[in-house]
Amino acid sequence: MDAPISTDTNLDASPTQEATTEMNIATDTHTSSIKMTAKNVSVFYADMQALKDVSLDIIENRVTALIGPSGCGKTTFLRCINRMNDLIPSCKVSGEIKLGDHDVYDPSVDVEVLRRRIGMVFQKPNPFPKSIYENVAYGPRIHGLAENKEALDAIVRKSLKRAGLLDEVEGRLDALGTSLSGGQQQRLCIARAIAIEPEVILMDEPCSALDPIATAKIEELIDDLKKRYTIVIVTHSMQQAARVSDYTAYFHLGELVEKGETNRIFTAPQHSKTEAYITGRIG
Amino acid sequence: MTDQLKNSPLSAASVEGLGRRYRAEKRYRFIGFAAVAASLGFLAFLIIAIGFQGVGAFFKTDLRFDLDPAAVQDSGGDAFGLLRSTIRSNLEGASSRRAKRQAYGLVSSEAEEQMQALLDAAAETNTNPQVVWVSASAEVDLAVKAGIDALINAQDKDAGLTRLSDQQLRWIKTLEQNGAVRTRFNLGFLINGDSRDAERAGLGGAIMGSLFTLLICLVLSFFVGVMAAIYLEEFAPKNKWTSFLEININNLASVPSIIFGLLGLAVFLNAFGLARSSSLVGGMVLALMTLPTIIIASRVSLQAVPPSIREAALGLGATRIQAIFHHVVPLALPGMLTGAILGMARALGETAPLLMIGMVAFIADPPSSVMDPATALPVQVFLWSDSPERAFAEKTSGAILVLILFLILMNSVAILLRKKFEKKW
Amino acid sequence: MVDITGALAQKKNRINEQAINILLVACAAAAIFVTIGIVASLLFETIRFFKEVPILDFLFGTNWSPQTAMRSDQVGSSGAFGIIPLITGTALISVIALSIAAPLGVYSAVYLAEYAKPASRAILKPMLEILAGIPTVVYGFFAAIVVAPALRDFGALAGLDIASASALAAGSVMGVMIIPLVSSISDDAITAVPQALKEASIGLGATRSETIRRVVLPAALPGIAGGILLAASRAVGETMIVVMAAGLTANLTVNPLEAVTTVTVQIVMLLTGDQEFDSAKTLAAFALGLTLLAVTLIFNSIGSWIVARNREAYD
């Protein structure tokens with residue numbers, strides 16, 4: 001679990017790039033450990049290969065951004081992590097994704113447990129058409145996390161507070177979740193996700209439906225949340241990746257082209273495709 | 001809780017309460033499955049129960065009697081007398097008045113006609129017939145289908161299994177042993193008119209009645225329905241009048257069918273004075289009932305024709321009416337026909353409105369025109385189901401099988417039509 | 001020359017087009033005429049009925065026995081036309097039908113929409129629809145010949161006295177008939193619930209059934225309720241099943257084991273067989289028809305409105 005990454009050359013096909021990338025990550029290992037590892041993950045939708053042999057480490061209490069042009073497989077990869085792709089019957093996943101020591105695709109794994117430990121925030125805010133309170137209380141209720149009403153109240157308030165929403169909705173927790181503004185709805189969804197104390201939060205372009213001010217609030221929140229949680233975020237905005245993430249992985253046509261510390265990727269991309277993308281030539 | 005979770009494997013065993021949640025999941029899924037199974041189980045039960053009871057209606061029992069050449073000579077063409085003497089001479093112990101009556105009761109009222117036909121044929125070809133096959137009565141028919149031995153050995157004579165006496169059962173047994181009982185396909189069930197005698201009653205009249213009724217219904221509702229759909233889809237302006245029309249049509253589609261019967265009674269029969277019980281009025285009433293269905297189906301198939309077809313025609317200088325009648329309607333026609341057939345299938349099964357306009361009488365002769373008094377298949381089912389005679393229960397189920405067969409045929413044609421002309425634009 | 005023929009042809013065309021236009025409008029208006037015909041004929045006869053029988057006696061009378069006596073000096077010679085026992089009878093049978101059709105229909109829809117594989121859904125759904133395609137006279141026969149005697153025998157075993165034309169027999173068979181109506185509207189309502197909501201719940205680690213019960217069904221509830229209302233309208237207007245399997249005489253009760261009669265049964269009773277057209281008996285049938293039309297129309301309008309609004313909510 002706590003084994004620091006050293007020189008795992010299996011991680012990438014091209015060893016020369018790898019050396020530098022690893023070096024950059026390695027500089028950070030004295031404070032962080034690896035939360036999740038993906039090894040040689042390939043995904044097929046029926047006959048179409050959506051992801052080719054992707055290997056990636058996700059560092060605990062850091063934000064990892066997945067970037068790349070649309071259709072590059074970044075969302076597919078994200079949805080493999082908590083097995084949301086199980087919902088698509090034609091989807092086949094090969095390779096290995098580990099949470100700690102446990103392969104999430106092991107037959108003994110119960111997806112409900114997995115998804116409790118790896119939460120998710122979706123592209124479009126999707127609050128249930130229920131009250132704010134019920135939205136946040138939903139997860140703790142189904143998982144039986146609160147013994148009584150007081151405990152549940154506490155969880156709801158704590159989650160809303162961590163999501164930076166409590167002040168705005170104080171006194172109207174029984175208002176419909178769908179009556180909030182777009183940015184508030186998305187923070188409600190984040191509160192709903194953290195109410196069950198996940199270890200990892202997956203975010204699928206969480207700001208793509210929001211205006212710049214709401215986006216800024218979510219980004220602040222992400223920065224705050226990484227103290228407690230490990231975050232993987234898919235974004236199509238490079239500025240956002242640069243602002244919020246510690247590590248960045250660049251996907252192109254189903255392949256993981258380049259990965260490393262965000263600073264390094266944006267200042268000194270080593271792959272020509274990455275450079276083309278971040279300078280706006282591939283979009 | 002979280003710390004405890006953190007290093008545990010990702011399986012149910014690690015989390016308390018998850019087993020209970022999984023059992024709830026299984027239970028829920030099972031309830032859903034059970035609901036589907038129960039509904040389909042009922043369907044299967046219904047079809048099997050009616051199928052078992054009704055299949056007998058398609059078969060009938062004949063009895064063979066040996067003819068005495070001398071008696072045939074003496075009869076002088078009196079089929080009735082000859083039939084009776086033949087029955088007496090063939091059955092042992094048919095001498096007392098009571099026994100004679102029981103012996104005559106074995107054969108159908110049709111037997112005299114069959115005997116007459118035999119005599120006529122013999123006279124024409126100048127031959128001497130040796131045997132005569134005549135139809136058995138309905139009770140005998142039922143007894144033979146149920147198995148004579150079982151009835152003779154039945155412990156409880158009052159259980160209502162048969163109305164035949166022991167004497168009659170023994171006679172049939174003897175006939176059976178002599179090979180003088182046969183069961184054959186009952187063509188009469190499909191072509192005869194209705195009759196008070198169950199063994200002679202057939203669906204011919206009801207089928208003709210249904211055919212006439214549906215013909216009238218189709219001619220009226222298809223033309224008007226398609227025209228109305230073309231107007232609504234292609235020409236109607238978007239205004240209050242149009243939306244009122246649309247709401248009106250949707251509401252008509254959900255009016256109980258019996259109300260259309262009341263309309264037919266008040267308007268077609270009492271105000272217009274059209275012939276009561278005729279398939280003309282029946283068809284008109286069903287046409288009104290089917291009209292909304294056909295309008296809705298036709299609109300859907302018009303909507304499915306892409307605007308580019310209209311634009312192409314208009315671009316060549318065609319008028320709107322030309323564009324629609326030359327190009328759009330032919331493309332939408334298969335869909336409209338499918339809708340019409342499904343509408344007809346519904347009309348075929350409809351009973352209540354026909355009761356209102358008097359298509360519910362006992363009618364022995366099949367109708368020969370749309371003005372003649374007629375019944376229809378479902379009405380025949382209703383009439384027979386009301387009959388106290390046991391033999392009619394079998395006939396009722398048989399009639400239901402015929403009705404369902406027609407429905408299956410019509411629906412299959414509709415499905416084939418849809419498959420054949422289904423276009424992905 | 002060429003110009004002139006062109007103009008002539010155009011003129012002829014225009015006249016033809018005008019004729020076709022008029023024909024189209026006339027056909028579309030036919031639907032209006034049918035409605036007017038229905039309402040006018042029912043209303044006209046009903047008004048005549050109310051000249052003979054006071055409207056209040058009709059609406060609030062608890063005694064229904066329309067048999068007018070042979071001799072005018074017999075008791076009750078005018079017949080009694082109180083609709084209350086018919087309304088309760090109709091309501092009782094419809095409630096029985098819905099209490100069978102609603103759970104079976106909704107749970108079938110849940111299974112077909114959320115659990116069944118696409119292949120088995122493609123088979124099971126049309127099979128379920130067959131139930132709606134079977135003529136009602138067949139259900140009536142089945143209810144009268146199979147279900148009612150079976151219920152009576154079962155009741156005798158259990159020490160219950162079940163009438164041979166019990167409301168339970170007619171109602172339960174009617175319930176089976178309207179299962180497809182409930183299930184197809186519920187299915188639409190369930191599949192209209194956005195995938196995003198289901199994913200939100202599943203992403204939180206909810207099981208499928210938890211997602212259905214706590215997220216999908218509450219969101220689909222208005223649509224399902226509207227569908228059940230439409231089914232109720234169908235049950236109220238259903239004729240053949242009750243004519244063949246329900247009672248013929250009015251009985252003011254809510255006991256499902258007893259025989260009750262319905263509005264539609266009485267319309268058929270009053271109008272089949274010999275009748276003079278102007279007697280209070282025949283006119284009463286039209287008053288019953290108008291009542292039936294009003295009730296089904298109200299149910300339908302509310303039901304369709306709810307279904308449509310629910311559909312829009314997620315578009």
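Only this structure's heavy atoms are used, side chains among them; waters, hydrogens and symmetry mates stay out. Every chain is numbered from 1 and lettered A, B, ... according to where its sequence line falls, protein lines coming before strand lines.
- The choice from C:Leu230, C:Ile212, C:Thr136, C:Val236 that makes the most heavy-atom pairs within less than 4.5 Å of chain B is C:Ile212.
- Annotation: C:Phe33, atom CZ; neighbour count of heavy atoms from other residues, nucleotides and ligands within 6.0 Å does not exceed 12.
- At least one side-chain heavy atom of C:Leu292 sits under 4.5 Å from a side-chain heavy atom of B:Pro256.
- At a 4.5 Å heavy-atom cutoff, the contact between B:Ile249 and chain C is made by side-chain atoms alone.
- Only the side chain of C:Val176 comes within less than 4.5 Å of a heavy atom in chain B; its backbone stays farther off.
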Evaluation steps, side chain to side chain contact (heavy atoms under 4.5 Å, CB included), between B:Tyr28 and C:Thr207: CA-CA 11 Å; B:Tyr28 200 75; C:Thr207 63; over 6 Å; no
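- Contacts between B:Gln53 and chain C at a heavy-atom distance below 4.5 Å involve the side chain alone, from C-beta outward.
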Test log, rule side chain to side chain contact (heavy atoms under 4.5 Å, CB included), inputs C:Leu271 and B:Leu262: CA-CA 9 Å; C:Leu271 290 182; B:Leu262 288 173; 3.3 Å; yes
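- Both the backbone and the side chain of B:Phe33 come within less than 4.5 Å of a heavy atom of chain C.
- Among all heavy-atom pairs drawn from B:Phe325 and C:Leu24, the shortest one is CZ-CD2, 4.5 Å.
- Heavy-atom neighbours of B:Arg299 CZ from other residues, nucleotides or ligands within 6.0 Å: above the threshold of 12.
- For B:Leu46, the parts sitting under 4.5 Å from any heavy atom of chain C are the backbone and the side chain alike.
- Here the side chains of C:Pro135 and B:Leu407 are in contact, with some heavy-atom distance below 4.5 Å.
- For the pair B:Arg29 and C:Tyr111, the NZ or CZ position fails the cation-pi test of under 6.0 Å to the six-membered ring centre and within 45 degrees of the ring normal.
- Within the 4.5 Å cutoff, no side-chain heavy atoms of C:Val137 are placed close to those of B:Glu350.
- When heavy atoms are compared at a cutoff of 4.5 Å, C:Ile100 does not approach chain B at all.
- For a residue to count as touching a neighbouring chain, one of its non-hydrogen atoms must lie under 4.5 Å from one of that chain's; by this rule C:Ile179 touches chain B with the side chain only.
- In terms of non-hydrogen atom pairs under 4.5 Å with chain C, the most contact-rich of B:Ser385, B:Ser254, B:Ala34 is B:Ser254.
- Atoms CD1 and CG, from C:Ile130 and B:Leu43 in turn, are 5.5 Å apart once rounded to the nearest 0.5 Å.
- Interface residue C:Thr296: only side-chain heavy atoms are found under 4.5 Å from chain B.
- B:Ile259 contributes atom CD1, which lies 10.0 Å from atom CZ of C:Phe286 (distance to the nearest 0.5 angstrom).
- With a threshold of 4.5 angstrom between heavy atoms, C:Met240 approaches chain B through side-chain atoms but not through N, CA, C or O.
- Both the backbone and the side chain of B:Ile321 come within contact range of chain C, with heavy atoms under 4.5 Å apart.
- In terms of non-hydrogen atom pairs under 4.5 Å with chain C, the most contact-rich of B:Asn411, B:Val267, B:Val224 is B:Val224.
- When the candidates B:Ile230, B:Leu245, B:Leu291 are compared by the number of heavy-atom contacts under 4.5 Å with chain C, B:Leu245 comes out ahead.
- Side-chain contact between B:Phe45 and C:Val146: present, with at least one pair of heavy atoms (C-beta onward) separated by less than 4.5 Å.
- Ion pairing between B:Arg21 and C:Glu210 holds under the 4.0 Å rule for side-chain N and carboxylate O.
- Side-chain rings of B:Phe42 and C:Phe142 approach one another, their centers coming within less than 6.0 Å.
- The two residues C:Phe141 and B:Ser397 make their nearest non-hydrogen contact at CE2-OG, 3.5 Å.
- Note: C:Arg213 CZ to B:Glu25 CD = 9.0 Å, rounded to the nearest 0.5 Å.
- Only the side chain of C:Val243 comes within less than 4.5 Å of a heavy atom of chain B; its backbone N, CA, C and O stay farther away.
- Note on C:Val25, C:Val147, C:Leu42: by heavy-atom pairs under 4.5 Å with chain B, the leading option is C:Val25.
- Note that OG1 of B:Thr351 and CD1 of C:Ile241 are 10.5 Å apart. Values are rounded to the nearest 0.5 Å.
- For the atom pair CD1 of B:Ile258 and OG1 of C:Thr239, the computed distance is 4.0 Å after rounding to the nearest 0.5 Å.
- Listed options C:Tyr115, C:Phe299, C:Tyr139 were ranked by heavy-atom pairs under 4.5 angstrom with chain B; first place goes to C:Tyr115.
- Neither the backbone nor the side chain of B:Ile247 comes within contact range of chain C; no heavy atom of the residue lies under 4.5 Å from a heavy atom of that chain.
- Contact annotation for B:Ala352: both backbone and side-chain heavy atoms come within less than 4.5 Å of a heavy atom of chain C.
- C:Thr282 contributes atom OG1, which lies 8.5 Å from atom CG of B:Leu265 (distance to the nearest 0.5 angstrom).
- Closest of all the heavy-atom pairs between C:Ser108 and B:Ser39 is OG-OG, 3.9 Å.
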B:Asn251 and C:Thr35: CA distance, side-chain angles, deciding distance, side chain to side chain contact (heavy atoms under 4.5 Å, CB included) verdict: CA-CA 9 Å; B:Asn251 277 336; C:Thr35 312; over 6 Å; no
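- Interface remark: B:Ala393 contributes backbone atoms only to the contact with chain C (heavy atom separation under 4.5 Å).
- For C:Ile38, the parts sitting under 4.5 Å from any heavy atom of chain B are the backbone and the side chain alike.
- Taking chain B as the reference chain and counting heavy-atom pairs below 4.5 Å, the highest number among C:Leu290, C:Val34, C:Val110, C:Leu112 is found for C:Val34.
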